[in-house]
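Because only heavy atoms are used, hydrogens play no part in the values below, and waters and symmetry mates are left out as well, while side chains stay in. Starting from 1, each residue takes its place in the sequence as its number. These figures come from a predicted structure and were not determined experimentally.
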Amino acid sequence: MARRAPKRIAMTEDRQAIGSVIERFAQELGDQAPTRSSVSRAMNLFEQSGAGRDGFVDLLFQARASTKEMRNSVKNRPQKPMAYFFSVVEERLGLKERA
């Protein structure tokens, strides 16, 4: 049991760090889903990616910048910016299937 505690603590710290970023982005992008759902989605992507927390958070900021850029586009504006944001995250992690 003592072996599990450090991993649990790390996951809690990861969830807090990633969760605070996602909460901020969800507000900024007008997310319609419950914040808890968006945080869970981000955590699932984080776990699937195998990336470190700092690298993953950097990727979230990059995806946000891409989303904001696309959002400011007159022609290709996404109707659901947060969904687009997660799509960008999945694509950059190599987790998104190509159609």
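The CZ atom of Phe86 lies 7.0 Å from the CG atom of Asp31; values are rounded to the nearest 0.5 Å. Distance CE/Met82 to CZ/Arg41: 8.5 Å, rounded to 0.5 Å. Taken to the nearest 0.5 Å, the CG atom of Leu95 stands 11.5 Å off from the OG atom of Ser87. Tyr84 contributes atom OH, which lies 7.5 Å from atom CD of Glu91 (distance to the nearest 0.5 angstrom). Between the OG atom of Ser20 and the CZ atom of Phe25 there is a distance of 9.0 Å, given to the nearest 0.5 Å. Of the inter-residue distances, the one linking Arg53 atom CZ with Glu13 atom CD reads 6.0 Å to the nearest 0.5 angstrom.
Between Ser66 and Val88, the shortest heavy-atom contact is CB-CG1, 4.3 Å. Taking each heavy atom of Thr67 and Leu29 in turn, the nearest pair found is CG2-CD2, 4.0 Å. Nearest approach of Arg64 to Arg24, heavy atoms of both residues: NH1-NH2, 3.9 Å. Minimum interatomic distance between Arg92 and Ala63 (heavy atoms only, all atoms of both residues): NH1-N, 4.1 Å. The two residues Ser49 and Phe56 have their closest heavy-atom pair at OG-CD1, 4.2 Å.
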Inset, instruction - Evaluate side chain to side chain contact (heavy atoms under 4.5 Å, CB included) for Ile18 paired with Val57, printing each intermediate quantity in order. - result: CA-CA 7 Å; Ile18 293 167; Val57 169; 4.1 Å; yes
Inset, instruction - I would like to know whether Phe85 and Leu60 meet side chain to side chain contact (heavy atoms under 4.5 Å, CB included); could you show each step before the answer? - result: CA-CA 8 Å; Phe85 164 81; Leu60 294 177; 3.8 Å; yes
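Around the CD atom of Gln32, the shell of radius 6.0 Å holds no more than 12 heavy atoms that belong to other residues, nucleotides or ligands.
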